[in-house]
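For reference, the structure discussed in these notes is given below.
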Number of protein chains: 2
Amino acid sequence: MEYERPIATVDIVTLTLKDGALHVALYPRAKPPFEGAHGLPGGYVHVDEDANLDAAARRVLRDKALLKGVYLEQLGTFSGATRDPRGWSISAAYVALLPQERIKGALLAKADPVPRKLPFDHGAIVKAALARVRSKSVYSTLPTFLMPAEFTITELRDVYRIVLGIEKIDLAGFRKKILDLRAIEPVEGKMRTGVHRPAQLYRRVVKDIALFDRTI
Amino acid sequence: MEYERPIATVDIVTLTLKDGALHVALYPRAKPPFEGAHGLPGGYVHVDEDANLDAAARRVLRDKALLKGVYLEQLGTFSGATRDPRGWSISAAYVALLPQERIKGALLAKADPVPRKLPFDHGAIVKAALARVRSKSVYSTLPTFLMPAEFTITELRDVYRIVLGIEKIDLAGFRKKILDLRAIEPVEGKMRTGVHRPAQLYRRVVKDIALFDRTI
DNA sequence: GGAATAGTGTCTCTAAGACAATATGGA
DNA sequence: TCCATATTGTCTTAGAGACACTATTCC
């Protein structure tokens, strides 16, 4: 026996750093339901063109001009009879991380506390995304995907501070850990200058995240 | 515009311990496709009776008489045009853990290496489930859900050894860590006897898993 | 020189790991 | 008594954290 098939969609929680806090990218909805309201980018799975859900998520990112080198991982699947007014629905949620300058045309809203009045269960999805990113950042180089192509160790340390909500992280210890992992490498001859000793610039060397033995 | 809706199913990777190794519960498929073959328990989402995917997963467990106190978590969602001969499909995969004596009527197959010739992409799903359970067991009390109601610390230590693939874990250090966490408590007056000093029996006290600061 | 941050070295202290010592019941 | 495992205690050592010290640039 065949059962009625649920609606199948993907939704992307695109997180970035702005003004020292995590922000989520929201876009106005072009069609009902919730037409005009700002929500997570997403949409129907296109069974004729998407090879799978990952491909559907990448297509959504492409439509928003968020393309190359974006960190993307499946967050979880949200479902139920009541989350979408159109009927029983399944939404595969993804988390994307990228530096702010890569995002154009989106409304960047503070991710914590989660913005009020998001459509569907997008509030719960953003909350889950934040929890995932925070817990994973404790023992991985996930926050490097929030950095621009080149960054100093101090800047990376500050991003860890923001993501993890830690008031201070000792720079000497942080430097040792992050360099021992060999997940970033110095960019030859490039320094960040200022009214102080110039700092070495680094870039991420691994495509995926690297894991620490312990915690940051 | 509405797109054609994919098939929506749930699949459960039920892991247990047997003969000192992780095993996965397989059941013969009653209907096509792959009728008669052994595969993961699962089935269509019933939009008329399931409140959401978690409820669908619990219904599948209930149908297999695996009911109370089963640890269940969403593993991830597997999808695509080709994984199911019936068409573009989405399967929400779940991991369930329970002690062997709770499982009746299933074929228990060694989970590592993954059994050959499983239907659909069930091989990949089992592989992902194993990876999830192993990585999470490093820093949590997840393996306690593989234990019967009462167990000794030595028995729990051995389960960690099996799940993590570690040849030896010092019992004294393990005892300290697991007791400090207060995730298990002694069962008053109950001891496991043998041809040696009797051992205190313990039971799990937390409903969910508890997390270690570091690793086992 | 002074200010500010980058980068290195060192000390302390905790905690993990190894392992010794003791406890207890059955044969 | 001995054997086997349970349970507790102790010693050593690696590593994290704190922080002092030096380096380098601009003013």
Side-chain angles (χ1 to χ4, degrees), chain A residues 20 137-141 143-144 147-148 150-162 164-203 210-216, chain B residues 20 137-141 143-144 147-148 150-162 164-203 210-216:
Chain A
S137 295
V138 171
Y139 61 89
S140 80
T141 57
T144 59
M147 309 302 292
E150 301 180 349
F151 50 86
T152 68
I153 289 189
T154 300
E155 289 163 355
L156 182 58
R157 189 272 312 258
D158 289 339
V159 170
Y160 269 93
R161 290 204 311 104
I162 292 164
L164 298 179
I166 298 176
E167 65 288 357
K168 53 190 303 180
I169 298 174
D170 181 75
L171 188 56
F174 181 78
R175 176 190 306 277
K176 231 177 296 177
K177 276 194 201 175
I178 200 86
L179 291 179
D180 280 357
L181 202 57
R182 297 179 194 289
I184 65 173
E185 67 181 7
V187 185
E188 292 302 331
K190 284 228 185 175
M191 310 289 270
R192 172 140 307 160
T193 55
V195 192
H196 48 70
R197 175 173 176 176
Q200 178 65 55
L201 285 172
Y202 289 83
R203 71 162 76 90
L211 303 179
F212 293 97
D213 285 348
R214 306 298 198 192
T215 64
I216 279 291
Chain B
S137 295
V138 171
Y139 61 89
S140 80
T141 57
T144 58
M147 309 302 292
E150 301 181 350
F151 50 87
T152 68
I153 289 189
T154 300
E155 288 162 357
L156 181 59
R157 190 270 313 259
D158 289 339
V159 170
Y160 270 92
R161 291 204 311 103
I162 292 165
L164 298 178
I166 298 175
E167 65 288 357
K168 53 189 303 180
I169 297 174
D170 181 75
L171 188 56
F174 180 78
R175 174 191 306 278
K176 229 178 296 178
K177 277 195 200 175
I178 201 84
L179 292 179
D180 279 358
L181 201 59
R182 298 178 193 288
I184 65 172
E185 66 180 9
V187 185
E188 292 304 329
K190 283 229 186 174
M191 310 289 272
R192 173 139 310 159
T193 55
V195 191
H196 49 69
R197 174 173 174 177
Q200 178 65 54
L201 285 172
Y202 289 83
R203 70 162 75 92
L211 303 179
F212 293 99
D213 284 349
R214 308 297 200 194
T215 64
I216 277 292

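So you know, we letter chains A, B, ... as the sequences are listed, proteins then strands, and number each from 1.
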Answer whether the closest heavy-atom distance between the side chains of I184(A) and T141(A) falls below 4.5 Å. no

Would you mind reading off the distance between D180(A) atom CG and dA16(D) atom C1', rounded to a whole angstrom? 12 Å

Take the protein atom CG of L171(A) and the nucleotide atom C1' of dT5(C), then report the distance between them rounded to whole Å. 9 Å

Regarding I153(B), tell me which of base, sugar-phosphate or nothing describes its non-hydrogen contacts under 4.0 Å with the strands shown. nothing

Does any N or O in the side chain of Q200(B) come within less than 3.5 Å of the main-chain N or O of T152(B), such that one atom is a donor and the other an acceptor? no

F151(A) CZ - dT5(C) C1' separation (whole Å): 18 Å

Output the rounded distance in Å from CD1 (I169(A)) to P (dA18(D)). 11 Å

Euclidean distance, R157(B) CZ relative to L171(B) CG, rounded to 0.5 Å: 5.0 Å

What's the closest nucleotide to the H196(A) side chain, out of dT5(D), dA6(C), dT7(D)? dA6(C)

Side chain of R175(B), heavy atoms from C-beta onward: which of dT8(D), dT5(C), dT25(D) has the nearest atom to it? dT8(D)

Rounded to the Å, how far apart are L179(B) CG and dT7(D) P? 9 Å

Quick one: M191(B) CE to dT5(D) C1', roughly how many Å, whole number? 12 Å

Scan T154(A) against the nucleic acid and name what it touches under 4.0 Å (heavy atoms): base, sugar-phosphate only, or nothing. sugar-phosphate

Once base and sugar-phosphate atoms are separated, protein heavy atoms under 4.0 Å mark nucleotides 12-20 of chain C, 5' to 3', with B, S and - as ----SSBB-

Could you check how far CZ of R157(A) sits from P of dT5(C), rounded to whole Å? 11 Å

Does the plane of the ring in Y160(B) sit parallel, tilted or perpendicular to the ring in F174(B)? Use 30° and 60° as the thresholds. perpendicular

Would D180(A) and K177(A) pass as an ion pair if we require N to O under 4.0 Å? no

Residue pair T144(A), V159(A): steps toward the side-chain contact (heavy atoms from CB on, under 4.5 Å) verdict: CA-CA 8 Å; T144(A) 59; V159(A) 170; over 6 Å; no

Length of the line joining R197(A):CZ and dT24(D):P, which is rounded to integer Å: 6 Å

Indicate yes or no for a side-chain donor-acceptor contact from R203(B) to the backbone of V187(B) under 3.5 Å, with no hydrogens or angles considered. no

